[in-house]
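To start, the structure under review is shown below, and the notes come after it.
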Amino acid sequence: MDKKTKMLALLLAGGQGSRLKALTKDIAKPAVPFGGKYRIIDFALSNATNSGIKDIAVLTQYKPFELNSHLGIGAPWDFDKTYGGLRVLSPFASEDGGRWFTGTANAIYENIDYIDQINPQYVLVLSGDHIYKMNYNKMLKYHIQKEAVCTVSVIEVPWEEASRFGIVNTDEDNKIVEFDEKPAEPKNNMASMGIYIFNWDILRNYLIEDEKNQDSDHDFGKNVLPKMLTDGNPMYAFQFKGYWKDVGTISSYWESNLDLLDIDNELDIYDKTWRIYTNNKNLPPQYIGKYAILNNSMINEGCTIEGEVNNSVLFSNVTVEKGAIINKSVILPNAVIKAGANVNNAIIMEDMVIKEDEKIGTPDDKSIYLVSDDGILKE
């Protein structure tokens, strides 16, 4: 992009994701493994790379060690540049002392000095915990065409789920007229995706103003966006069509991993024109034993399969011993499924060992089982 339309991406990746239970006990939600070889944050990072964005900052907070190790200097996403590229921004001490980011808007406010250094015309605010593929350049072109101060990406959600989201109400030109946060009776089913483009000079002033307000939660959805709208700023909804999932619960995490097994899945991680990049572990090839049975499954590097695997996603270095059966399950790295074990509708955490002949769920079970050091959690 030329200087006139230079855009800085700010990726909010500090979420605890407490509803994911043991999956986020030791790591931030964006660092949770996904899809056999990736982490959740890889999708937003890869979108930025594929959209030609040169400058991106990842704002971390909750248990960031593993996330920071995964990011490194940004090489897998081509962000390892001398100037610009990827920067990791964490909470820091100042003259007023140190403190955690208190909300999404506050996280950006605390890094105003960094953003001023980059001096972007536009800032793209992203969440690090959604699974989707999106060309951010299309959204920027729309933002410029509409002469907007803020553009919010929205997606159509099922009516029965609309009350779980922040709903964006618009006129016939997609100009935003109202933000409705988790309404009991939604007026439409267009939900905010938590993806925003702002004119930086205007957003900067609102962040400073919001920080002074002691009654504010310092949150974009609750505070900054409604205030901008009340003040009469032109704000527009950009409608996204495609696969998008907020993997905020055990069931949605399990479901979205297994979605990848659908040949017609809109996400299509095999699309060579929009690759999903990650920090590759360079492991040896998978080994499929002589008597192994595999059906509609994804098996990553380093796996040894001697048993039966059906409709499942296996991450790296998973061992499935002879006589073990796995159905509709997500098996995280380094797990061992011993001989004769029967695993159904489960998420098996990293390094877990399922004992010989152990039974978890049944093939026709409607529950999902999260297996970790804390035991077996039934959802």
**Q.** Test log, rule salt bridge (charged side-chain N to carboxylate O under 4.0 Å, His left out), inputs K133 and D271
**A.** CA-CA 10 Å; K133 293 196 304 191; D271 180 3; 3.6 Å; yes
Q.
Testing I250, N345, T249 one by one against E379 for a side-chain contact (heavy atoms from CB on, under 4.5 Å), which residue passes?
A. I250
Q) Any sub-3.5 Å donor-acceptor pair from D180's side-chain atoms to I167's backbone N or O? A) no
**Q.** cation_pi(K182, F165) dist<6.0 Å, angle<=45
**A.** no
**Q.** T49 (side chain) donor-acceptor with N47 (main chain) under 3.5 angstrom
**A.** no
Q) Quick check, are the ring centers of F238 and Y142 under 6.0 angstrom apart? A) yes
Q.
So that I can tick it off, tell me whether D116 and R204 are bridged by a salt bridge, with the cut-off set at under 4.0 angstrom between side-chain N and carboxylate O.
A. yes
Q.
Given 3.5 Å as the limit, does a donor-acceptor pair link the side chain of S192 with the main chain of G194, or not?
A. yes
Q. Is there a donor-acceptor pair under 3.5 Å between the side chain of N188 and the backbone N or O of V168?
A. yes
Q: Could you tell me whether K222 and D210 have a side-chain N and a carboxylate O separated by less than 4.0 Å?
A: no
**Q.** Sidechain-backbone polar pair: S312 side chain, N310 backbone, donor-acceptor under 3.5 Å
**A.** yes
Q. Does a salt bridge link K187 with E178, judged by any charged N lying under 4.0 Å from a carboxylate O?
A. yes
Q.
Quick one: does any side-chain atom of T104 pair with a main-chain N or O of F220 as donor and acceptor, under 3.5 Å?
A. yes
Q.
Quick check: do M139 and S153 have side-chain heavy atoms less than 4.5 Å from each other?
A. yes
(Q) Taking D173's backbone N and O only, do any of them form a donor-acceptor pair with D171's side chain (distance below 3.5 Å, no angle check)? (A) yes
Q.
Could you check whether any side-chain N or O of D365 sits under 3.5 Å from a backbone N or O of G361, counting only pairs where one atom can act as donor and the other as acceptor?
A. no
Q. Is it true that K241 and E266 make a salt bridge, defined as a side-chain N closer than 4.0 Å to a carboxylate O?
A. no
Q. Side chains of V32 and V247: closer than 4.5 Å at any heavy-atom pair?
A. no
**Q.** Check against salt bridge (charged side-chain N to carboxylate O under 4.0 Å, His left out), E209 and K227
**A.** CA-CA 10 Å; E209 183 183 347; K227 181 69 169 73; 3.4 Å; yes
Q) Hey, does the side chain of D217 reach the backbone of D219 with a donor-acceptor pair shorter than 3.5 angstrom? A) no
Q | Aromatic plane relationship, W77 with H70 - under 30° parallel, 30 to 60° tilted, over 60° perpendicular | A | perpendicular
Q.
Centre-to-centre under 6.0 Å for F43 and F34, is that the case here?
A. yes
Q) Can you tell me if S46 uses its side chain to pair, donor with acceptor, with the backbone of I276 under 3.5 Å? A) no
(Q) Between the side chains of K25 and D374, is the shortest nitrogen-to-carboxylate-oxygen separation below 4.0 Å, so that they form an ion pair? (A) yes
